[in-house]
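The structure appears below as structure tokens.
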Amino acid sequence: MADPTPPVPEPGTNMGKALPRYEARAKVTGAPLYADDMPLPNPATALFVTSGIAKGSITSIDTSEAAGLPGVLKVYTHENAPSRQDLRHFMKGGYVADSVMPLAGPNIVNDGEIVAVVVAEDLATARDAAHRLKISYQAEQPATTFGSAGAEEKQITAGKHDVGDFDAAYGSAPVTLDVEYETPTMHHNPMELFSTAAAWDGDNLVIHEPSQFVWQLKNGAAETLGVDAAKVEVKNPFVGGAFGSKGIMTQRTGLIAAIARDLRRPVKNVVMRDQGYTLATYRAETRHRIRMGAESNGKLVALSHEGSEVTSRQDDYFVAGTTATAEMYACPNIRTGVSLVKADRNTPGFMRSPPETPYMYALESAMDEMAEKLGIDPVEFRRINDTQTSPTTGAPYTSRSLMECYDEAASSFGWSKRNPQPMSMAQDDWLIGYGCATACYPTNMMPATARIVLTPEGRAEVLIAAHDVGTGAYTVMQQIAADELGIDPAAITVRMGDTTLPPGPVSGGSMTTASAGSAVKAACEKVRQRFGGTVPAVDDMSAAFRKLGSNRIEEYAEWAPPGSGEDAIKALYKGKFGGGGGDEPKPLMYAFGAEFVEVRVHRLTREIRVPRMTGAFAAGRIVNPRTARSQYLGGMIWGLGQALLEKTELDLLRARYINDNIAEYLVAVNADVPEVDIIMVPEVDNQVNSLGVKGIGEVSNVGTAAAIANAVYHATGRRIRELPVTMDKLL
Ligand code: MOS
């Protein structure tokens, strides 16, 4: 696991080529097959039937009419379901996103649980049969969210920081702020629906399922099915939208595979859009109390962030984003903590920048409020409290270009034209507001392995079970290999998303380029070594191969982030996170950004528009500025949706989701987003990893909501402390 430091690139040149997407032509011509498109011999269709109550039990299910329908193969309920082994929640070292085993018994612990599976020759028949099931329930009163009777509060240690003496410093600070914020439930709506196709061949199982971690799915499916993981293959070369929703396997896979084994036939299942709201994970609602104390010169002296998050009864999923608060600004007295509220809900899970998106929204809104109280420009307030070391441990950031981001974005945006007075800027009937906020995301890494094959014709193959979830990972792996081998990217084929390939990291936590890229780089270095350090030019390649007496060079490499435990690679092969984590503290590694927005709020109707957004980001080496720009754009556009549109409405009485469809669950569309300006601030960081890559998938999603809420305040003088900021709240 030696990790030689490369030559330092010149500042300003720390960027690779803006190559177009490797799979662009295939994608736009409709060539790639997604999981449910995979041709299987004579597949049966499985349709889930989900619970109509959130808590209680099934008293009876009459399947006779449904089962008697021509074309129906079998109806599964808790009374005849194939047995599976329990799987533990991934935060307890297991494999699944929700530990509730479907069809294990008559109890119902959340709305939309699977209560039956109808398997038929086709979907229409399955749907018809599903409507003919007669299910009776005994319902109990569920607890839905914060403040619901029966919801149970629980303190956790994650996200706890205590430095100095917050109470004393806050008590004596000349300027103080004490504010509360809320973020709503948000749900994934990927273009490619959640789906599983399972086909057995004797003891061997092939699973086609969209996944951000195929080696986890392979191992988890094997465990629940009680088979040897070596006999399970997962195939998933393309993912039609993920962002965390396909990051952790669910119990659906084992259920569909067990049914395929029982029926001795390939089975396909697609989770309907509304079912995805309860059969996949989501971003739970959060609440925050932030207290800040500052000197009149703007120096922070006290900072406290108490967060609270909803989770399920069965699992303690949490994001505990107070760590970002504790690391963000210089302050001698910091206290943070997180509590969970356990309700009768399906277990929440990853959604793009899971901890930072809600917690930084709160912190960055409070920073804006405090700047105003102090009479200091919001950018200057961040500059006064900027730091190059951790306020909690004193450890230095490997690099932190936050203020460079602010300066570049502010200048491009025209921040100097802002009149600090709220409601002071207007054009015709539109009030104009400018707002800004900090974006940050930690540099995460996981172990990874990769194989490189080189032929005498000068063609190479990169083989790694990482995933392209729509980010451009194919292109970036191709570029990293091309750089390392010194050959044309066009001569390199990349294969990913398949467990017949060496395991890569979860494609989450913005860690694919750093982790998978490091493994690819390590394997390429081994290939180079076969030629004494340099891969020959294409014209000399076949002669060089002859000299080596070989017609194919193949090298496999394992890579783990510095400080990983000894069993890191073994854990990766088991599809586990953390890699048996070493005990050494990780260096303090974050990508940063500064986001600026202009909003226009109609004087009378209170309609809110965002005519332009500017984001400047620094995330170490940028392998491909074209795909990077798309990531940054997508993150900010999603941030706009969080600020103004996204919210899952809860039925407080029944603990059910109301707007579980993409007609009523609003996301930003092109008409919402006229102009986004992305600036990539050059940054060289040779400590994060030998590629100098920090990861960019999530950072730009972090500051947008606060920037927009801050701009709405500047336009209207109204501080909305509860997302989304909608017209009705401004009336
Ligand atoms: Mo992301 S929420 O880590 O897929």
Side-chain angles (χ1 to χ4, degrees), residues 90-91 95-98 183 185-192 194 209-217 236 238-250 276 280-284 286 309 311 317-321 323-324 347-361 439-446 448 465-473 476 496-497 504-516 561 575-579 589-591 619 627 630-632 634-639 641-642 646 667 693-702 704-705:
F90 79 96
M91 286 177 105
Y95 289 113
V96 270
D98 191 322
T183 66
T185 321
M186 299 181 196
H187 269 88
H188 288 283
N189 281 284
M191 294 286 280
E192 180 196 17
F194 306 106
E209 178 172 323
S211 165
Q212 294 168 248
F213 195 5
V214 287
W215 272 79
Q216 181 202 51
L217 191 50
N236 174 220
F238 297 100
V239 186
F243 294 116
S245 67
K246 295 160 183 170
I248 305 292
M249 74 169 288
T250 72
T281 59
Y282 62 100
R283 196 196 295 278
T286 66
E309 313 172 11
T311 192
Y317 175 85
F318 55 81
V319 299
T323 296
T347 306
F350 299 153
M351 189 187 269
R352 203 174 195 173
S353 32
E356 292 76 18
T357 285
Y359 282 78
M360 286 293 285
Y361 152 71
C440 70
Y441 195 76
T443 300
N444 298 315
M445 286 176 277
M446 245 184 83
H467 323 75
D468 194 322
V469 295
T471 50
V476 163
M496 301 205 292
V506 63
S507 287
S510 301
M511 67 176 103
T512 296
T513 305
S515 312
K576 300 271 181 168
F577 290 103
M589 306 177 282
Y590 272 86
T627 55
S630 294
Q631 288 294 291
Y632 288 140
M636 290 188 76
I637 291 165
W638 192 343
Q642 289 155 355
E646 282 196 59
V667 299
V693 162
K694 286 184 172 176
I696 56 172
E698 289 161 281
V699 59
S700 71
N701 188 234
V702 174
T704 325

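For ligands, and for the atoms within them, numbers begin at 1 and follow the listed sequence.
The aromatic rings of Phe90 and Tyr317 sit tilted, their planes meeting at an angle between 30° and 60°.
In this structure, atom 1 (Mo) of ligand 1 lies nearest to the protein heavy atom Glu698 OE2, 3.3 Å.
Using a cut-off of 4.0 Å between Lys/Arg side-chain N and Asp/Glu carboxylate O, Glu646 and Arg283 are scored as not salt-bridged.
Residue contacts with ligand 1 leave out Gly247, since none of its heavy atoms falls under 4.0 Å from the ligand. Heavy-atom separations between Gly509 and ligand 1 include at least one value shorter than 4.0 Å.
Atoms of ligand 1 found under 4.0 Å from any heavy atom of Gly508 (numbered from 1 in listed order, with element): 1 (Mo), 3 (O), 4 (O). Each of the atoms 2 (S) of ligand 1 lies under 4.0 Å from some heavy atom of Pro354. Those atoms of ligand 1 with a heavy atom of Gln212 less than 4.0 angstrom away are 4 (O). Proximity to Met351 (heavy-atom distance under 4.0 Å) selects the following atoms of ligand 1: 2 (S). Counting the atoms of ligand 1 from 1 in the order shown, those under 4.0 Å from a heavy atom of Arg352 are 2 (S).
Distance check: Gln212 CD to Phe350 CZ gives 8.5 Å after rounding to the nearest 0.5 Å.
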What do the steps show when you test Asn236 against Ser211 for side-chain hydrogen bond (donor to acceptor under 3.5 Å, both in side chains), and what is the final call? CA-CA 7 Å; Asn236 174 220; Ser211 165; 4.8 Å; no
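Taking the ring axis of Tyr95 as reference, the NZ or CZ atom of Lys576 stays within 45° of it and closer than 6.0 Å to the ring centre.
A donor-acceptor pair is defined here as one N or O able to donate and one able to accept, closer than 3.5 Å; such a pair exists between the side chain of Gln216 and the backbone of Met249.
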